[in-house]
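This chain uses plain numbering: 1 for the first residue, then up along the sequence.
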Amino acid sequence: MDLSLSRLKISTSAKIGCTVLNYEESLSQSASLLTVRLRLADKRDYGPPIEVVFDTPGSPTPAALRKFLSETLELPADGFVMAKHFPNKYEWAVIRASPPTQTTKGKKKGGQQKAINLRQKPYFLKDGDLIGIGLCDRLSDKNIDFSTAADDAGKAKLRAVEEEKRQRRRQRGEMGQKTNRSRPEVGIKIFVPDYGDPK
């Protein structure tokens, strides 16, 4: 399906990257171009990036992504854990088969759980996302640290920025208090004319 540039939100100031392909590619609107990297065992680092086109006829669920990556990377379906990288927060979110269980006080949890759509909360899967793959012996082994030294450095930078903002707010508050204290009290004089009875 052809889309206009305005519908793709490409303005005159947008930067566009191009890649020459060896063959013609026709992608559906439901397809997502993902970058996949295998986590190196016993290291906080990853192997080279692998670009894959993830497309599924139905809703993009964790099970569909697992099946796709298992077939594409030739890995056993129960032999790895997936996580999506959030570069703005320098965090990784492990992609689980079902949403975290939530219990409401005074109410029993019942009914069937709704399947996760990866394009919605909490993963918001989209074109260009980085998916980390951590190999494990069994599916129940989810204690994999996907973070890297670069993530640690990024988080430290974010904390420093937040601390700087807090200090600026505190200084502004103190300056405002000092300004209010330093203002001298000025007496108010009111002139009231005498409108007494004329003699």
Taking all non-hydrogen atoms of both residues into account, name the closest pair between [X] and [Y] and its distance.
X	Y	answer
Ser70	Pro76	OG-C, 3.9 Å
Asp55	Ser30	OD1-OG, 2.6 Å
Leu69	Ile133	CD1-CD1, 3.6 Å
Pro49	Thr35	CB-CG2, 3.5 Å
Cys136	Val81	SG-CG2, 3.9 Å
Arg119	Ser32	NH2-OG, 3.5 Å

Does [X] reach the main-chain N or O of [Y] with its side chain, forming a donor-acceptor pair under 3.5 Å?
X	Y	value
Thr72	Phe68	yes
Lys84	Phe124	yes
Asp129	Leu34	no
Tyr90	Ala156	no
Arg39	Leu135	no

Shared hydrophobic cluster for [X] and [Y] (ILVMFWY, side-chain gaps under 4.5 Å):
X	Y	answer
Leu73	Met82	yes
Leu75	Ile131	yes
Leu125	Phe86	no
Ile95	Ile50	yes

Check whether any side-chain heavy atom of [X] sits under 4.5 Å from a side-chain heavy atom of [Y], and report yes or no.
X	Y	result
Glu91	Asp151	no
Ile116	Thr61	no
Phe54	Leu33	no

Glu51 CD: over 12 foreign heavy atoms closer than 6.0 Å: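 No, not enclosed.
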
Electrostatic pair Glu164-Arg168, nearest N-O below 4.0 angstrom: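 Here Glu164 pairs with Arg168 in a salt bridge, since their nearest N and O are under 4.0 Å apart.
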
Carboxylate-amine/guanidinium contact Asp152 Arg44, below 4.0 Å: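 Between Arg44 and Asp152 there is a salt bridge, with a charged N closer than 4.0 Å to a carboxylate O.
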
Asp145/Trp92 under side-chain hydrogen bond (donor to acceptor under 3.5 Å, both in side chains): CA gap, chis, key distance, verdict: CA-CA 9 Å; Asp145 181 18; Trp92 293 83; over 6 Å; no

Evaluation steps, salt bridge (charged side-chain N to carboxylate O under 4.0 Å, His left out), between Glu163 and Arg166: CA-CA 5 Å; Glu163 182 59 32; Arg166 276 195 293 270; 2.9 Å; yes

Cation-aromatic face contact Lys121/Tyr123, 6.0 Å, 45 degrees: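 No, Lys121 does not lie over the aromatic ring of Tyr123.
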
Separation of Lys155 NZ from Ser147 OG (nearest 0.5 Å):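 Going from OG on Ser147 over to NZ on Lys155, the span is 6.0 Å.
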
